[in-house]
Each structure stands twice: as structure tokens, then as C-alpha cells.
Amino acid sequence: MSLPFNVASHLDTALRAAAAELGLTDRGFQPEVRVADPANGDFQANGALAFAKREKLNPRAVGQQLVEKLGALQEQYDISLAGPGFLNFRLKPAALLGWLQTYDSEEHLQTGAASARCGQTWIVDYSSPNTAKQMHVGHLRSAVIGEAICRLLAFSGATVIRDNHIGDWGTQFGKLIWAYRRHLDPAALAADPLEEFERLYKVGNTAAEADPAVLAEAQQELVKLQAGDAGSLAIWKRINDVSLAAFQEIYDRLGIRFDAMLGESFYNDKVGHIYRELAETGLAQPSEGALVVFHPEHPRFAKQPFIIRKKDGAANYASSDLATALYRAEHFKVDGIIVVTDFRQADHFEQLYLTVRKWFAAKNYRLPELHHVTFGSVNGEDGKALKTRDGGIIRLKALLDEAKERSYQLVSVKNPDFPEAERRAIADVVGVASVQYADLSQNRSSDYVFSWDKMISLEGNTAAYLLYAVSRIRSIFRKAGLDANNPMVAGDGGATMPVADAATAPESPQELALARKLVKFSDATQLATTTLRPHFLSLYLYELAGEFSAFYAADKVIVDDPAVRARRLLLCHRTLIELETGLHLLGLRTDLARM
RNA sequence: GCGAGUGUAGCACAAUGGAUAGUGUAGUGGCCUCCGAAGCCAUUGAUCCGGGUUCGACUCCCGGCACUCGCACCA
């Protein structure tokens, strides 16, 4: 019998069956299978400890009974009872080989994984910048983490809708349109539209502060826009169009393509409905002229209002976010909503989701899973928010350019003999990947310290280390004269066959360590997906690359013995597809032959 | 004031209540006639403080301390 994609689930099933035979299931036995420290085995089951404690039994005796019922597993695992009652499972080399033979391509890894969320639809709201402004370093984490989450969800079988909830209806448009009408520089607009819009906004803001008459005119511009004045709308549309085009250049570099761009303006005509429903269900009430929602059962939000309509009658982000939640539930019929923003909006989303739950329950709407995925800020090495040397905001475009340039310098030092075009192409991949990976390799909850040297100098847990492993593997196949995507070797009688068919089971300590790591790919992707924390996958890939590096330092791949050669080529190939699949799931490109 | 997040070696990070708290950098000592040394091997060094729960706590609970952030119409 062959192992499933997720080996831990195989053990879980077997342990539940054993527990049922022993009559432990009714008493609440849970196997608690997890990846083990390699010193102890491949997987461990800790369930006997908690169960024995609760039932006042001897944990080792419970463990022993379970082991005796697991005879059928002994073909594939060495099973042992250790310490106070841990069950340890170590895969036998033949079982490792079997798994590696089965999962032979990115496509088949995907097939193995795509069951958890099969048939589900999830919408992910990320990036979401304001129009008429440059994207800056503060927009990086939402875009990078959001995209990785989208890819992980899709890998687990979900249909994913990527939604860029752009800020295109803010109060900034009054001053901006005022200045646009009077101070537009067409040449500057053509050269760098966002730069020009930012300049115009500053012009409008400064003028409005200096002259109350200008302020009144700017406010009139906003009123005209919101009333649907054709001329104002034309300017507004032009600003948004060029903004989106500029954003798309960044998204192209980050490998992001949205399915929807439903910004705040899209929900403008949908908020009236929200006010009515929340008032009618008794959730919202007037307070100080505004319409607000209190949550009496909540220690803070009993007093801290959720303002859904301002006292001047205008909508705000709460109204718009409520309308957005309803639209996503009704129009897209989603099973889950994920919003990726920084942690400072945690209160807002807690209030929002509390309100949505009560409102949907009152109206009998189907409630999707609601997640607010937060992340910390990007700080400089001084621990404060990242700024340029003169204290300005770092633009995302400039940041990506610098990453590329630094990578180019480094590639040129390491490989002065490569043609310049190739060095540029490598820097293109490595530069962006380094920026993305620096973010994804670390737990999103904490702030992160932005350091060019750590990111690009490329030692330790970095994109370059992983990409280096990828290019080294490709190099081995090149040296052996084989197609890295589908390596074939000569078998008995001269016919060619896939390396997997010619391979024998792993033997050397390094072969075994690498093979053991490879079968845990599914646990890493699953953990990253269920927790919505991509760093679990990053960590796995880093450890995998480390196992590979140790393996090829110890065991020469291109040796004369055909069986040894085939099994080592198999390990190389499977490492390659897992590294590439994993890096693609994180949103990184891996298309380089050497570096 | 109320609340949230974060506190792990000099620095940067990891640890889904499990076994001896892992890694990277920096330091020290090894390894290129050998598939690429952006590499490999070895080694020194840490859980903010005080209680509690648990067979077992970086992890959960209580009380402090430090830093960051949020708290009536910006998103």
C-alpha cells in the first residue's frame, strides 16, 4: 500500500482505527500526530499522554496497546514507544522511495494537496493602496503576504478571488481636483503621473490651508464629484486610471494579477442599504449626530463606537467595509473572506466582524469565515519606521530597483564571466525574490527590521540561498546531460526510463535525511495555509535546501554505479520540484539556470 | 486611563502544550586536483521579571516591567 501525500494523515487514520478497536475512541482519544524532531523519528503521536492522564491510566501501557494494534503499519514504519508515552514513527527507506516515486512534478504535488478546500471560494483583499499616491514601502507587506496566501489557498483546492480594494473615493479628491484644474503640468503628468498627482495634492493642500476661499472651493469640488458632476468624474477617472496603470507596473514585478478591483467608489451607492438594514435590525443607533454600532457585551466596544455614518451624513470606511462584506457574501458567494492589512486596523476589523456576524444572523444571510490577517511594520535598523536617509518615504519602485541593482553588483562579483545580459536577468529574479522572501521568511505578526545586507548579502535564510540550491541542482542535470524537468536514464536492455523507476531506496545518512525532509512538504504547506502564515513554508524550504546542500557536499551524484546514480538523481529532481513549487507558492520566480 | 501586539544568545530570527529551546550572522577551528565555496563540517553563546495551571510551559492563566500601536467621525 502506498503512502498518501500527507503522511501524517495516514498515521492519524491508522491510530484512530487502532484506538477504536481498543474502545478508546468513545472516551475521546485523539492521536495528535505531528512532525517529529529527526532525532526521534519522522512523525510522533502524543495522544496517549493526554488520554492516559485524563483516564487515570499508565501512558506507556496505553501506548503499548496502540503499538500492538498497528502491525499493518510495520511494513512502512519503524514504530517505537519512547519516554513517558510518545509513539515514534520512522519511515523505512523503501516507503520513502515509494512516496518520492509518486510525487514527481509540481502538478502532482498540487493534486495531492488540493483536497482541503476543494469546492470552496475565498476572496482575499490585499495591497489596497490609495489612488493618486505612489506605492511606498508600507504597501509591501500586504501585497507580498496577500499574494502568498492566495497561492496557498489555491494550492489547497480553493477558488481564489484576488480583490484589490483600492482607496479611490477619499476626501483627498476635493483638493486634488481643485489643483488639477488650475496647476496641472502636462509634461510632468506624462513623465510620471503619480509624482504629478502628489505634487498637485500638496499644492491644493497648501493653498487651502493658506486661504479659506480655496478651502471652500475644494470642498465644493468634492461635493460636485460626489453629486456625479460629469467634468469632475472625468478628472477623477483619469486620476484613477493612471494610478492603476502605475500600480500594475509594481504588481507585474511582484507577480501579482488581481481578479477584481472593487474599490471604495464601487460601494458608494451601496451604503444607504447598509444604514437601513443596521437601523432596522436595531444594531445601529444615532449618537452625537452620527450613526453608530455599540457592542454591549464587549469590554471596550460597549463604549467605543463603530461609526458607520458620519454626522455630516457622509459614508466612511466602516460603511464601505460593511457594504463590501455583504457584496462578497452575496455576489461572490464566498466561503471565506481574508483582509490583509497592518495591525493598526485590528480594532476596526474586530468591530466590523462583530457587527457583520450580528447583522448577518439577524437577516439570515449566510456567514462566510471572516479573517483579518495582520502584520507588523517595516522598520529601519534603528528600530523606527523605515525612511530614506533624509527622512522621506521610500517608494516601492525605488526599493525594488535598488534590490535589483544590489543583486546585480553581487552577481557580477561572484560571476564576472557571465554575459552582462544574463547577470541582469539573474539580478531581476534574485532582487525581487530577496525582497519578497525577507518578508515571507518571518512571522508576519512581528515588526521586521529591513536590512539590505541581510536581504541581499544572501547568507542564511534568504531567497538567494534557496535559488542557489535550485541553480545548483539544475547544474547537476546539465552536467549529466539530462533534462532537469524530466530526467531519463538508461535501464536494462538499453531502454530509457524515468530516474524514479531506476532508483533504489536511499541509503547514506545524507540521502536518508534529505528523503525524510522531502516527504514532509505537505505538512509545511498545510500548516502555512491553515494558520495563514507563509513563514512556515519558508522555514521548511530553507531546511530542505540545507538538507540538500549537506547531501551534495557528502554524496557525489554523478557516479558510475547506475542504481546509486539514479537514486541520487531522483533526490535531486524531487528537491528541485519541491523548492520550485514552494517558492512559487510564496510568489517568487525561480526561472534561472545558474546564478 | 482602557485595550492590542511584541519581548528568545552581541545582532536578526524559529519553535502547531511535548523529548536535550532550533537556525543565521558575528567569533573560533577545519574543508576547493573532486557534479559551482553565494557552499559544507565542527564549536562558543539565549526564553523580560514574579507567581500559577499541567505528567510536561517560550507557548496557557494572573500580576508587573519595557517598546510599538489603537481608542468619535482618516483608512
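What you see below is based on every heavy atom in this structure, not just the backbone, and it leaves out hydrogens, waters and symmetry mates.
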request  = Apply salt bridge (charged side-chain N to carboxylate O under 4.0 Å, His left out) to A:Arg117 and list each qualifying residue two or more places apart in sequence or on a separate chain.
outcome  = none
Hey, can you pull the donor-acceptor pairs under 3.5 Å for the side chains in residues 544-553 of chain A, sequence neighbours left out?
| from | atom 1 | to | atom 2 | distance (Å) |
| --- | --- | --- | --- | --- |
| A:Ser549 | OG | A:Tyr465 | OH | 3.3 |
| A:Ser549 | OG | A:Ala545 | O | 3.0 |
| A:Tyr552 | OH | A:Arg472 | NH1 | 2.7 |

ask   = With sequence neighbours left out, which residue pairs that include part of residues 37-50 of chain A fulfil the side chain to side chain donor-acceptor pair (under 3.5 Å) condition?
value = A:Asp42-A:Arg516, A:Asp42-A:Lys520, A:Gln44-A:Asn46
request  = Please find out if less than 6.0 Å separates the ring center of A:His295 from that of A:Phe306.
outcome  = no
ask   = How would you label the contact of A:Leu410 with the nucleic acid (heavy atoms, under 4.0 Å): base, sugar-phosphate, or nothing?
value = base
message = Using the salt bridge (charged side-chain N to carboxylate O under 4.0 Å, His left out) criterion, which residues pair with A:Glu221? Sequence neighbours excluded.
response = A:Arg181
What's touching nucleotides 10-12 of chain B from the protein side, N or O pairs under 3.5 Å?
none

query = Which residues satisfy the salt bridge (charged side-chain N to carboxylate O under 4.0 Å, His left out) test with A:Arg444, sequence neighbours excluded?
reply = none
Collect all protein-nucleotide pairs involving nucleotides 19-21 of chain B in which both atoms are nitrogen or oxygen and the distance is under 3.5 Å.
| from | atom 1 | to | atom 2 | distance (Å) |
| --- | --- | --- | --- | --- |
| B:A19 | N7 | A:Asn40 | ND2 | 3.3 |
| B:A19 | N7 | A:Gln44 | OE1 | 3.4 |
| B:A19 | N6 | A:Gln44 | OE1 | 3.3 |
| B:A19 | N6 | A:Asn88 | OD1 | 2.4 |
| B:A19 | N6 | A:Asn88 | ND2 | 3.4 |
| B:A19 | N1 | A:Asn88 | ND2 | 3.1 |

request  = Please state whether the base of B:G36 and the side chain of A:Ser475 form at least one donor-acceptor pair under 3.5 Å?
outcome  = yes
Between N or O atoms, less than 3.5 Å apart, protein on one side and nucleotides 56-63 of chain B on the other: list the pairs.
none

Distances under 3.5 Å between protein N/O atoms and the N/O atoms of nucleotides 68-72 of chain B, please, pair by pair.
| from | atom 1 | to | atom 2 | distance (Å) |
| --- | --- | --- | --- | --- |
| B:G70 | O2' | A:Asp347 | OD2 | 3.3 |
| B:C71 | O2' | A:Gln304 | OE1 | 3.1 |
| B:A72 | N6 | A:Ser287 | OG | 3.1 |
| B:A72 | N6 | A:Glu288 | OE2 | 3.4 |
| B:A72 | N1 | A:Ser287 | OG | 2.8 |

Between the protein and nucleotides 39-47 of chain B, are there any N/O to N/O pairs under 3.5 Å, and if so, what are the atom names and distances?
| from | atom 1 | to | atom 2 | distance (Å) |
| --- | --- | --- | --- | --- |
| B:C40 | OP1 | A:Tyr465 | OH | 2.6 |

request  = Using the P atoms only, state how far B:U6 lies from B:C61, rounded to an integer number of Å.
outcome  = 12 Å
Under 3.5 Å, which donor-acceptor pairs link side chains of residues 527-535 of chain A to any protein atom two or more places apart or in another chain?
| from | atom 1 | to | atom 2 | distance (Å) |
| --- | --- | --- | --- | --- |
| A:Thr529 | OG1 | A:Thr525 | O | 2.6 |
| A:Thr530 | OG1 | A:Gln526 | O | 3.0 |
| A:Thr530 | OG1 | A:Leu527 | O | 3.4 |
| A:Thr531 | OG1 | A:Leu527 | O | 2.6 |
| A:Thr531 | OG1 | A:Arg533 | N | 3.4 |
| A:Arg533 | NH1 | A:Asn443 | OD1 | 2.6 |
| A:Arg533 | NH1 | A:Ser445 | OG | 2.8 |
| A:Arg533 | NH2 | A:Ser445 | OG | 3.2 |

inquiry  = Which residues in residues 530-539 of chain A have a heavy atom closer than 4.0 Å to any atom of RNA chain B?
reply    = A:His535, A:Phe536, A:Leu539
query = If the C1' atom of B:C62 is compared with that of B:U43, how far apart are they to the nearest Å?
reply = 41 Å
key: P spacing across the pair B:U23 / B:A14, given as an integer number of angstrom   = 15 Å
